[in-house]
Number of protein chains: 4
Amino acid sequence: MGNTPQARRGDTRQRIQDVALELFAEQGYEKTSLREIAERLEVTKAALYYHFKTKEDILISLFQDLARPLDELLAWGRQQPRTLETKQELMRRYSVALESALPLFRFMQQNQAAMSHLRPGETLKDRMIALSDLLRDPSAPLIDQVRSLSAIFVMHTSLFAMQHLDAGPEEKQKAALEVALDLLAQAHPQERPGTPDAA
Amino acid sequence: MGNTPQARRGDTRQRIQDVALELFAEQGYEKTSLREIAERLEVTKAALYYHFKTKEDILISLFQDLARPLDELLAWGRQQPRTLETKQELMRRYSVALESALPLFRFMQQNQAAMSHLRPGETLKDRMIALSDLLRDPSAPLIDQVRSLSAIFVMHTSLFAMQHLDAGPEEKQKAALEVALDLLAQAHPQERPGTPDAA
Amino acid sequence: MGNTPQARRGDTRQRIQDVALELFAEQGYEKTSLREIAERLEVTKAALYYHFKTKEDILISLFQDLARPLDELLAWGRQQPRTLETKQELMRRYSVALESALPLFRFMQQNQAAMSHLRPGETLKDRMIALSDLLRDPSAPLIDQVRSLSAIFVMHTSLFAMQHLDAGPEEKQKAALEVALDLLAQAHPQERPGTPDAA
Amino acid sequence: MGNTPQARRGDTRQRIQDVALELFAEQGYEKTSLREIAERLEVTKAALYYHFKTKEDILISLFQDLARPLDELLAWGRQQPRTLETKQELMRRYSVALESALPLFRFMQQNQAAMSHLRPGETLKDRMIALSDLLRDPSAPLIDQVRSLSAIFVMHTSLFAMQHLDAGPEEKQKAALEVALDLLAQAHPQERPGTPDAA
DNA sequence: TATGAATGAGCGTTCATTCAT
DNA sequence: GATGAATGAACGCTCATTCAT
C-alpha cells in the first residue's frame, strides 16, 4: 500500500524533493539528471517542470527546507548574551540539529560547488560564517578564535571523518560534542564554568 | 621566451594539468568541459586526447601528482615510533605540506564526488584515514581518538573556514597548528612532553 | 468595474482572441506559446482548451473575424459593374478597411507561413487574388494589369513601409490612396473619368 | 558521383546553408528544426554545431550572404548624383538583383519575425529604408515620396503577388520595372527625361 | 467554466570521444 | 604532436494537448 498512483496524488512535489535529495547527496547535483529523478519517481521529466521551474529550483528548495533548522538556531543565538554558556548551548543544539540533518550535510558537502553560484544568503557557507560569528570574539587572541571556529568543524568530523571508528553513532556524537565544548571553554580562559577564578 | 608556441613545445601535458587543476578547483570536475580547457590553452580538444586517454585520466593524473607529498608524509610517519612527539611532528609537516598545496585542497574539496568512484587507494579519503590511523590509538578512550582526528581537520579549517578572519595567512596557519598540537597533547594525558609524570 | 474576475465573466473567449492577436502579431504564431497567452490572461492553459479545440483553432477564428470586412468588400465588389469608378471605389473602401484593420494586417504579415497550411479560402492570399481579380482586366495589356495589382500593395506600403516617413498617419494614408487611384486610372487609358472621350 | 561522403568533404558548411535556406524559405525559421536540416544532409545534429555556433547563427550567415548584392547596390547608389536617371538605374539594377535573389526574398518574407530580433543593420527592413532614402527626396511633396517608395514594392509585387498572372516571368518582371520607372518619373515632374522643360 | 496534474514528443545545445590526416 | 570533422548520447527545457475533478 502507499505506492499506487492514487495514493501518491498530491505529494509529488515532496516526492521529487526526497528523490532529488537522495540523488544529489549520492552523486552530486551536476551528475544527477532530471531523467534519473523522473525515472525513479515513475513520472516524466515534464512532470518535474510542473512542480519546479528549473533544476536549480529543486536545489534551492531543498536547501531552504534543510537550512531552516540552522536558521532558527542562528536566530535563537543572536538573542542570547554572548557568554560561554550560550556558546556551549549553541553547540549542544547544533549537535542535535546535525543528528537529524545527516542527509542535509551529505547533500551540502557534495554540492558546495553547485551552490556557490547562488545568491548570497543561499549557501551553507553563509550559515557557517554566521555561526562562527556567534562563537568567536573578534577581540580575543587569534588562537582562541581558531579554537572557537574549530569547535564547529569538530562536530562535522563526527559525522563524516569518524565513519571508520569502531563505536556507536551516539557515542561518537557525544565525544565530538565534548571535544567541541572543551575547545569553546579553552577559548574563554578567564571564565571557565564551575572553575573558581580564585586563588 | 614566454608565451609563444615555440616556447611551449614539449610542455603541453604539463600545461593541460595546470589549466585543468585551475578549472576543476574553480568550478568542479563535472562542470568543467574539455572544450573549456582546450580553449584556454588555445589548442583543440583532440590535442588533449593525444596526452590523456580520457577526461578522468586528467583527474587521476592530477590527483597522483598532488597526493605525492601526502604519501611521502605517510611513509615517513609509518617508520616512526608512535609517540606524541612523532604525532606532533607529523602535524607540523602536514602543516607545511598544506601550505604549498592549497590549490590541491581546493581541487579535492570540489571534487570529492567525482573522485569517489575511483579505485581504492586513489581517493583523498584513504589518505585521511591513513593519517588518522597514525595519530590515534585505537585502545585509547573514544574522546581522545576524536581529539586526534579533530587535529587534522582543524588544520583544514585554517585554509577554508578562516578566510574571513582578520589576520595574515601565516598567523592563521600558526594558530591552527598550535590548536592542533594542543589537541594531540590532550589526547595523550599521561605523556605530556616536558611534563614530568610527577609525583 | 473593469478588470475584476466578475467583470470578465463570459467574455473569456473574446479576451483570448484579443491577447492572441496581440501576441501573434508581435512575435508570430509559432513563437507564441499557449502558456504565454494563458499567463497574460491570468488563467490556466487548460482554460484555453475549453474555448478552443487547438492552438490552430485560435488562429483560424482570428482570421475569420478579421477577414470578414474584407469578404464583405469583395462581395460588394462582385455585384458592381466593372468600371474604373467601381475599382476606385473599391480602393477607397479598402483604404477605410485597412485603417481599422492595422492589427489584422500586422498579424497576417507575421503569420503568412503559419496560415499557408490551411484549407483554400482560409488565407489572406486568396482574398488578395480575389481583390486583384476585381481590379484588373485579364484582356488588358500586361503592364496595365500590373498597375492594377500594384495599387493594392501601394496601400499596404502606407501601413508598413512608410513608418519612418515624417508625416501624420492620415496624410500618409491619403497620399497612398491618391497614388493607388492614379495607378488604377493609368490602367484605364481610354476611360479616364472626367476626361471626355471626345474628339 | 557527387553525393558520396568523400565528395562532400569540405563543403559541409555550404551544404548546411543551402538546405537551411531551402527549409527556412519553405516552412519558416521557427518551424524548421535542426533535426530536419541534419537529416536531409545525412549528418547528425551535432555536426551542425561544428560549423555554426547556434541555429540563429545559420540564419544570420544566410542573411549576410544574401544581403550582399543589396548592400553593394546601396553602396553604388550612395556614390551617384541624386538624379532621376540614377534612381531609375538603381531600380533597373534592383530588378536584376531580385531576379537572382528569389530564394532570398522568399526566405526573408517568411522570416521577418525571426529576423526582427537581430541587431540593427542585420534586417532586410534596414536595407529597404536605405534604398528608399536613395529614391525619395525628403523635401518633395508627400505624394511624390510615396510614389518613390511604392516603386520598390511594385518590384516585389512582380515576384510574389503576380504568381497567378498568365504571363512569362521575364515579361512580368519587365512590366513591373516599367511601372516602377514610371512612378519614379512621376515623382520628378519637373525633370522628366526626354521631356523638354521648355515652353 | 475552469483547474491541477500530467504526458509524449520534440527542441536547441553540449558533451566526451574517435579517427583519418 | 596536433587538427578538422564528425558522432552518439544525453542534457535541461518547452510545447501542445489531455482528462479527471
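Heavy atoms only: backbone and side chains are in, while hydrogens, waters and symmetry mates are out. Below, chains carry the letters A, B, ... as their sequence lines are ordered, and counting in each starts from 1.
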Can you find a donor-acceptor pair, distance only, under 3.5 Å between B/Lys45 side chain and E/dT17 base?
-> yes
For [X] and [N], is the shortest distance between a side-chain N/O and OP1 or OP2 below 4.0 Å?
X	N	answer
A/His51	E/dG4	no
A/Tyr49	F/dT14	no
A/Ser33	F/dA10	no
D/Thr12	F/dA6	yes
D/Arg35	E/dC11	yes
C/Tyr50	E/dA2	no

Taking a pair to mean Watson-Crick or G-U wobble geometry with both distances below 3.5 Å, E/dT21 pairs with F/dA2
Any strand, both distances under 3.5 Å, Watson-Crick or G-U wobble: E/dA16 pairs with F/dT7
5'-most contact on DNA chain F: D/Thr44 or C/Ala46, nearest heavy atom basis?
-> D/Thr44
Which residue lies more 5' along DNA chain F, comparing A/Glu30 with C/Leu34 via nearest heavy atoms = A/Glu30
Kindly assign one of parallel, tilted or perpendicular to the pair A/Phe107 and A/Phe24, based on the angle between their ring planes and the thresholds 30° and 60°.
-> parallel
Out of E/dT3, F/dT7, F/dC13, which has the shortest distance to the side chain of A/Lys55?
-> F/dC13
Just wondering, do B/Ser33 and B/Lys45 contact through their side chains at under 4.5 Å, heavy atoms?
-> no
Would you say the side-chain atoms of A/Lys55 pair up with the backbone N or O of A/Thr32, donor to acceptor, closer than 3.5 Å?
-> yes
